[in-house]
Amino acid sequence: MTKTVIPLHQVTIRFAGDSGDGMQLTGDRFTMDTASLGNDISTLPNFPAEIRAPQGTLPGVSSFQLHFADHHIQTPGDAPDVLVAMNPAALKANIKELQRGAMIIVDSDEFTTRNLSKVGYETNPLEDGSLDSFKLHPVALTSITVAALAELNVARKDAERSKNMFALGLLTWMYHRPTEATEKFLAAKFGKKPEVLAANMAAFKAGWNYGETTEDFAVSYEIAPAKMPPGTYRNMSGNVAMAYGLIAGSKRSNLKLFLGSYPITPASDILHELSKHKKFGVITFQAEDEIAAVGSALGASYGGALGVTTTSGPGLALKTEMIGLAVMLELPLIIIDVQRGGPSTGLPTKTEQADLLQAMFGRNGESPAVVIAPSTATDCFAIALDAVRIATTYRVPVFILSDGYIANGTEPWKIPNVDDLPDLRVEFAKTQENFMPYERDPITLARPWAIPGTKGMEHRIGGVEKADKTGEISYDPTNHDLMVRLRAAKVAGITVPDLEVDDPSNDAKVLVLGWGSTFGPIAAAIEALRENGQKVAQAHLRYINPFPKNLGEVLAKYDRVLVPEMNMGQLAMLLKSEFLKDITGYNKVRGLPFSTSELMEAIMVVLND
Amino acid sequence: MTDLVLTKKDFTSDQEVKWCPGCGDYSILSTVQGYLPELGVPRENVVFISGIGCSSRFPYYLETFGIHSVHGRAPTLATGLAISRPDLTVFVITGDGDSLSIGGNHLIHALRRNVNLKILLFNNRIYGLTKGQYSPTSEQGKITKSTPAGSLDTPFNPISLALGAEATFVARSIDSDRKHLTEMLRAASAHKGSALIEIYQNCPIFNDDAFQIVKDGETKSAAILQLVHGQPIKSATHGVIYKEGGLQVVPLDSVSESDLVIHNANTPDPTYAFALSRLSSSILEHVPVGVFRDVERAEYGGLVNDQVADAIKTQGAGDLSKLLAGTDTWVVK
């Protein structure tokens, strides 16, 4: 039979199953095969904090969402067009987010009375008509996979575990993705276990063939490549981009990279990634706790290394006192906080932006530090490089506020030319007479970075207040007041780029101002609104302390400023106190990135106000 | 070992020393300043890192590099520095509150990793800087400002704790015994890896004469069990023998000299040094002083740097362009 091929501009697919069903791997593979076709992509993994919650239950559902298109896209998509649900729990956990007409592919073998009752289905949704408004494809994924592997002599358990590859094969057929890369990937992954490799390969092909031959799937789809700037691309997550940015910063500054870290979700992948790159001279130190992690990084900085620590909210709370010491010692230190839902343990695997005020003010005394935030997954590379510039030039602690959304999400990254990266070389203080450890550079206000091993430069520093210039202990009231102001002036004077405003009509009355990972959803919403003829300006803050010099001017230009944040209004609070400007907040803390549609509505409310 | 000719004066900073008159810290400082020329390391390659407490003012008084850091956290800075700069000689200066209470975690982990740090633990069994509360080494029942009815906590024995944390070098000395403390500094410096020296230190203001029994000319010879490698363990009146699977202190006149334990600090089994550490109690009736344990184990910073060197040797130095390019790419024309 001849099958219809329908061209589409964009598709959002969500793979959902048990934590152990391999949904992240399935999604990753589909992403890679899609990227290689030249579509623009954006992904969002969403997994539970429990490593293996009881099988078939709602808390154990793990999902991976992928948005791909023939044009530039900003987000992993709102509502999925296609849901692949490996069991009733996966269906139940995700069905609310589907719009009418969406396609649902389920493993019908898993819809047993027992599994249905586990998640509170009284009747089988595949049979009771409740899914009539969707395009439902029940596929006996498990039994077909097992049957396809019958001749391979693999254990039934291993055969069943290959069903994610069957699903991948089916979707690969449906969207005309190439199969070679996945076959190569499987060969590399399971090369040492031939029977597992054979099972996965056979399941993958069986899924593809199932689409090709059965009448259940009469239509397949094509999505043309997106128009993107020429170059070589790879798929990149925020955490890996951050790790690469640090390595690049280390190379360009010619400083040894030292990471002190304690494992914490969702930051651990930066530690994992950096620990693989020892040949770059990178030292990764898994410390006994968060305090030791930042302490070791500061100790390494003191010795002339590029000291970095990575963590998430609760870990940052523990590092507080040591960061205060870094403020006092005026040494370079980079603190990467991959934010998650809080307070306390909060939502370890979900995203949030509620550590902004902790980074700004979470220390005793007047303790200014730099706060910057990447706007997308791939921006983590650039922001890490700039953190190296700021920390080493000004000898201050620099916070990078990433979050779970961009840390784990991926998008295409145009691979930069190394020669185009900034020159970040630094100079240590050289032997000199009458050395004064707190004598400042007149422009940057940075004090000398005088590392041990420099003859004649022996000196003592510490957390007790310093006398201006000499750095000796001083309890003098005037001196303390002066030093507090000097430390503040140094941070306030850091050179950061001006804020760029995207206002094509040049007469918008409303500015939407974001920071951090909300960039994609805000940009997508604004793009859609402009297509509908709305006039609205967008700007995005990558530098929060210090703010860009032109920020006040930008804010003054607009009648209304809307600040969407995944917190209760932390940036808005800073803006209001700094600029006495009325700010409208759009605040949600659901552990998920904003959807394009909710932001469109929120912006429309302000436009119509 | 070097042609450096430095003197005690070269290691003395221009800062006015501000401990209370009679504080044991003065004699420790003087001994360390006197010992450092012998170390043969240029001043710029020596770093003293302290936490918070009276003893942690120590680095200010030495003409070396130094950091007066955060309460309890000196080993964390020192670890990062020692790993990334194996060319430096790093000392940690700490007290009983700093290292055994707020910073207990860092002490045990530095010791188990065997980071190349020389840790001088000034034990005065009291919180001095905060004006006289009991510490984790104070004897149970201690009357202080925070324990008017007597402290309830069982104290730590720092030597036992260090041994339990897999320490490779553990010693004890006394602030006023310049000769002995110098010997301990010498042995600690010769040791590759972490070395902990517990120094009994008198606080004349809040816990005066806490160690009088091991300092007073009349009592010390009977109280101190000298640990000298290759020599029988004994004081003027008592000796140590093996008994019932452990060690016991007995009057010298009840045994013959040949029954006494010959001290071997290199004994691989830590239970020997642990048994030695248990011979002393809070009342200091019998106090082993000297090197309890000195065994070889790979030093942590060396291991870390070996892994890096090995990666460079086997894979070649990292190429940033290659790293960024990765393997799974596509080209947009």
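By convention in this document, chain letters (A, B, ...) are assigned in the order of the sequence lines, proteins followed by strands, and residues within each chain are numbered from 1.
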Item to complete: Take B:Leu77 and A:Leu325 through the side chain to side chain contact (heavy atoms under 4.5 Å, CB included) test and state the conclusion after the steps.
Response: CA-CA 11 Å; B:Leu77 288 123; A:Leu325 179 66; 4.3 Å; yes
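Summarising the local packing, NZ of B:Lys192 is surrounded by 12 or fewer heavy atoms from other residues, nucleotides or ligands at distances under 6.0 Å. Heavy-atom neighbours of A:Asn364 CG from other residues, nucleotides or ligands within 6.0 Å: at or below the threshold of 12. Annotation: A:Tyr262, atom OH; neighbour count of heavy atoms from other residues, nucleotides and ligands within 6.0 Å does not exceed 12.
For a residue to count as touching a neighbouring chain, one of its non-hydrogen atoms must lie under 4.5 Å from one of that chain's; by this rule A:Ala297 does not touch chain B. Within the 4.5 angstrom heavy-atom criterion, only side-chain atoms of B:Leu88, from C-beta onward, approach chain A. Within the 4.5 angstrom heavy-atom criterion, only backbone atoms of B:Asp319 (N, CA, C, O) approach chain A. For A:Pro229, the part lying near chain B is the backbone, with the side chain staying farther off; criterion is any non-hydrogen pair under 4.5 Å. Of the atoms belonging to A:Met457, heavy atoms from both backbone and side chain fall under 4.5 Å from chain B. Heavy-atom distances place the side chain of B:Tyr300, and not its backbone, under 4.5 Å from chain A. Neither the backbone nor the side chain of A:Phe185 comes within contact range of chain B; no heavy atom of the residue lies under 4.5 Å from a heavy atom of that chain. B:Arg57 touches chain A through its side chain: at least one heavy atom from C-beta onward sits under 4.5 Å away, while N, CA, C and O do not. With a 4.5 angstrom heavy-atom cutoff, B:Ile108 does not touch chain A via any of its atoms. Of the two parts of B:Thr64, only the backbone, made up of N, CA, C and O, holds a non-hydrogen atom closer than 4.5 Å to a non-hydrogen atom of chain A. Only the side chain of B:Val47 comes within less than 4.5 Å of a heavy atom of chain A; its backbone N, CA, C and O stay farther away. When heavy atoms are compared at a cutoff of 4.5 Å, A:Val240 does not approach chain B at all.
Counting heavy-atom pairs closer than 4.5 Å to chain A, the top-ranked of the candidates B:Ile312, B:Leu323, B:Leu320 is B:Leu323. Between chain B and the residues A:Glu288, A:Lys251, A:His459, the most heavy-atom pairs under 4.5 angstrom are made by A:Glu288. Residue with the most contacts toward chain B among A:Ala292, A:Ala181, A:Pro452: A:Pro452 (heavy-atom pairs, distance under 4.5 Å). No other option in B:Pro75, B:Gly72, B:Ser50, B:Gly66 has as many heavy-atom pairs under 4.5 Å with chain A as B:Gly66. Between chain A and the residues B:Leu62, B:Thr327, B:Val304, B:Ile52, the most heavy-atom pairs under 4.5 angstrom are made by B:Leu62. Chain B forms the most heavy-atom pairs under 4.5 Å with one residue out of A:Thr232, A:Ile451, A:Ile461, and that residue is A:Ile461. Of all the listed residues (A:Gly231, A:Gly463, A:Ala305), the one sharing the greatest number of non-hydrogen pairs under 4.5 Å with chain B is A:Gly231. Listed options B:Gln315, B:His71, B:Gln15, B:His106 were ranked by heavy-atom pairs under 4.5 angstrom with chain A; first place goes to B:His106.
How far NZ of A:Lys184 is from CG of B:Asp328: 8.0 Å, rounded to the nearest 0.5 Å. To the nearest 0.5 Å, the span separating CZ on A:Arg460 from NE2 on B:His68 amounts to 13.5 Å. The distance from the NE2 atom of B:His109 to the CG atom of A:Asp289 is 7.5 Å, given to the nearest 0.5 Å. Between atom CZ of residue A:Phe285 and atom OG1 of residue B:Thr79 there is a gap of 5.5 Å, rounded to the nearest 0.5 Å. Between the OG atom in B:Ser321 and the CG atom in A:Leu421 there is a gap of 8.5 Å [rounded to 0.5 Å]. To the nearest 0.5 Å, atom CD1 of residue A:Ile283 and atom CG of residue B:Asn305 are 4.5 Å apart.
Minimum heavy-atom separation, A:Lys278 to B:Val308: O-CG1, 3.5 Å.
Ring geometry for B:Trp330 against A:Tyr233 counts as parallel: the plane angle stays under 30°, on a 0 to 90° scale with 60° as the upper cut.
Using a distance-only test at 3.5 Å, with no hydrogens or angles considered, a donor-acceptor pair links the side chain of A:Glu458 to the main chain of B:Glu44. Between the side chain of B:Arg73 and the main chain of A:Gly295, no donor-acceptor pair closer than 3.5 Å is present.
Between A:Glu472 and B:Tyr60 the shortest side-chain heavy-atom distance does not fall below 4.5 Å.
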